[in-house]
Number of protein chains: 2
Amino acid sequence: MARIVELGNAQLAECGAGELSVREIARGLGMVSSAVYRYVCSRDELLTLLIVDAYADLADAVDDALAEVDAGSEVDAGSGTGAGADPRARFRALATAMVRWAVVHPERWTLLYGTPVSGYDAPAESTNADGTRVMARMLAIAADAGGAPAAGERHEMHVDPEVQTLLEAHLVEFGVQADAEVGVRAVTAWSGLVGIISAHVFRQLGADAAAVGEQLLASQVELLADLVTGR
Amino acid sequence: MARIVELGNAQLAECGAGELSVREIARGLGMVSSAVYRYVCSRDELLTLLIVDAYADLADAVDDALAEVDAGSEVDAGSGTGAGADPRARFRALATAMVRWAVVHPERWTLLYGTPVSGYDAPAESTNADGTRVMARMLAIAADAGGAPAAGERHEMHVDPEVQTLLEAHLVEFGVQADAEVGVRAVTAWSGLVGIISAHVFRQLGADAAAVGEQLLASQVELLADLVTGR
DNA sequence: CACACTCCGAGAGCACTGCTCTTGACTCGC
DNA sequence: GCGAGTCAAGAGCAGTGCTCTCGGAGTGTG
């Protein structure tokens, strides 16, 4: 079972989700294809397994990065208050951890944030738990930063009332205290972050942009940090 | 030939790119599968055809929307200067046109900005021309807006020198006059726009978020407009 | 008119896929 | 010892992309 996921990830890394084949996995296991169906009842279920595995792996990487930056700020400041690093540094850590993970595991990133594979829709009930972990952490960062974003001078925002109630419901679901405006800024920054990483992984900005991708991403992350922290 | 693309789009609309089958298209044409290979030499080439078709269609839709908003501002202002609408309105028009197109043609959007299909990488030489049309228009909008973004009070930006030269080269390639900072803001807004639309089309924010997706997208577009116009 | 040449589609076939069903071997508890 | 349960093998079905050959149309040329 664990070996199936392991082989699946290996095959994912060198082919891509569309080429993932249970027969090939069976060959890797030294069995015939039908035997694999003892353990996983369809190719879609195998994909689901790999998806939750990838979600968990990504979330672990992000958690590690956040723990590290928090620990670092503790040492630097010597305060020992447990408040951790400032929101901008935390967002930067989260974002760069995601970028790094995506660059190391492009096919798994594709599996999570690319096209839902060929008519297969991920069963929300089994992927949501791990799939929302890192987004929840980002919401917390945004809530932490977004108290009162220098109200007077900023462009006023109109949040649709329906969106507002929905966002506020989700904010309490994730256990963060913030108003809807922080929520829409966080969601936008989240989608933007996924977007710039996908653009990089999928090389949608051209081959030469990919060459300097790391530096370009750094600048873009700063802009998104502006968005999250209320500029 | 044109019928092949037509049937391909139809099949795309109801199945998705992964399920696109030249045999099925042959059935729609009333021929046997091998006959299709007279006109298109592989499934990948068929995909490429559909991709450039989709790029052109999207770009046309955006062009129409921009022409309309410019014409509207002419009538309203009665100035007849030919300057068109202000950058924020133009960006809004571009973004909502993209959103609308993506919602109407989710599978084609997926083809363009989702996962590159299963080991197939789009041949840049044939897709670039149409693929960059709408991004070029957005760069022009950003350049138009981004003269001097109230320098004193804003967070200073560090653009990597390598990124700077590359961006500036691309800016002149697209015929817009702007510095690298405008470029990185535009690229970020572009990737962000693609990201929020993909999040919506792929329903990555959950089923209930999809229900109020249109209003949520409107708020997000405003935030990205801030980014493009230098807040 | 007859020949040749090109274009188009049919059909068979290869290697591959996901998936199902049946059959047989092995192990464990009673 | 002997059922019961677990596991894998093997055959097979329907589907895929793609290649090859062959046989009819149409068309131009001597």
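Within every chain, numbering begins at 1; the chains are lettered A, B, ... in the order of the sequence lines, protein sequences first and strands thereafter.
Within the 4.0 angstrom heavy-atom criterion, base atoms lie near A:S34. If you check every strand for non-hydrogen atoms under 4.0 Å, A:S33 touches a base.
Applying the side-chain contact (heavy atoms from CB on, under 4.5 Å) criterion to A:S198, with sequence neighbours excluded, gives A:W109, A:Y113, A:V194, A:F202. Not a single side chain to side chain donor-acceptor pair (under 3.5 Å) links A:W190 to another residue, sequence neighbours left out. Annotation: side-chain contact (heavy atoms from CB on, under 4.5 Å) contacts of A:E162 (sequence neighbours excluded): A:D160, B:V212, B:Q215. By the side chain to side chain donor-acceptor pair (under 3.5 Å) test, A:H105 is found to be paired with no residue, residues two or more places apart in sequence or in another chain being considered. For the side chain to side chain donor-acceptor pair (under 3.5 Å) test, residues two or more places apart in sequence or in another chain that qualify with B:E168 are B:Q164. For B:A218, the side-chain contact (heavy atoms from CB on, under 4.5 Å) criterion is met by no residue, not counting sequence neighbours.
Listed for the A:T132 side chain is no donor-acceptor partner under 3.5 Å among the backbone atoms of A:M135. Judged by distance alone, with hydrogens and angles left aside, the side-chain atoms of B:R43 form a donor-acceptor pair with the main-chain N or O of B:L20 at under 3.5 Å. In this structure a side-chain-to-backbone donor-acceptor pair under 3.5 Å is present from B:T96 to B:A93.
For the pair A:V163 and A:V184, the minimum side-chain heavy-atom distance is 4.5 Å or more.
B:W101 pairs in a side chain to side chain contact (heavy atoms under 4.5 Å, CB included) with only one of the listed residues (B:L112, B:I197, B:V134), which is B:L112.
Distances shown here put a side-chain N or O of B:Y39 below 4.0 Å from the OP1 or OP2 atom of C:dG9.
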Result block: side-chain N/O donor-acceptor pairs under 3.5 angstrom for residues 25-36 of chain A, not counting sequence neighbours:
unit_1, atom_1, unit_2, atom_2, d
A:R27, NE, A:E24, OE1, 3.2
A:R27, NH2, A:E24, OE1, 3.1

For a quick test of your reading: what N or O donor-acceptor pairs under 3.5 Å do the side chains of residues 59-66 of chain A make, sequence neighbours left out?
unit_1, atom_1, unit_2, atom_2, d
A:D60, OD1, A:R133, NH2, 2.8
A:D63, OD1, A:R137, NH1, 2.9
A:D63, OD2, A:R133, NH2, 2.9

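Near DNA chain C, meaning a heavy atom under 4.0 Å away, the residues from residues 21-31 of chain A are A:S21, A:V22, A:R23, A:R27. In the region residues 4-12 of chain B, proximity to DNA chain D at under 4.0 angstrom, judged on heavy atoms, holds for none of the residues.
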Strictly under 3.5 Å: I want the nitrogen or oxygen pairs between protein and nucleotides 22-28 of chain C, one per line.
none

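Along DNA chain D, the stretch of nucleotides lying under 4.0 Å from any heavy atom of chain A spans, 5' to 3', D:dC7 to D:dG12.
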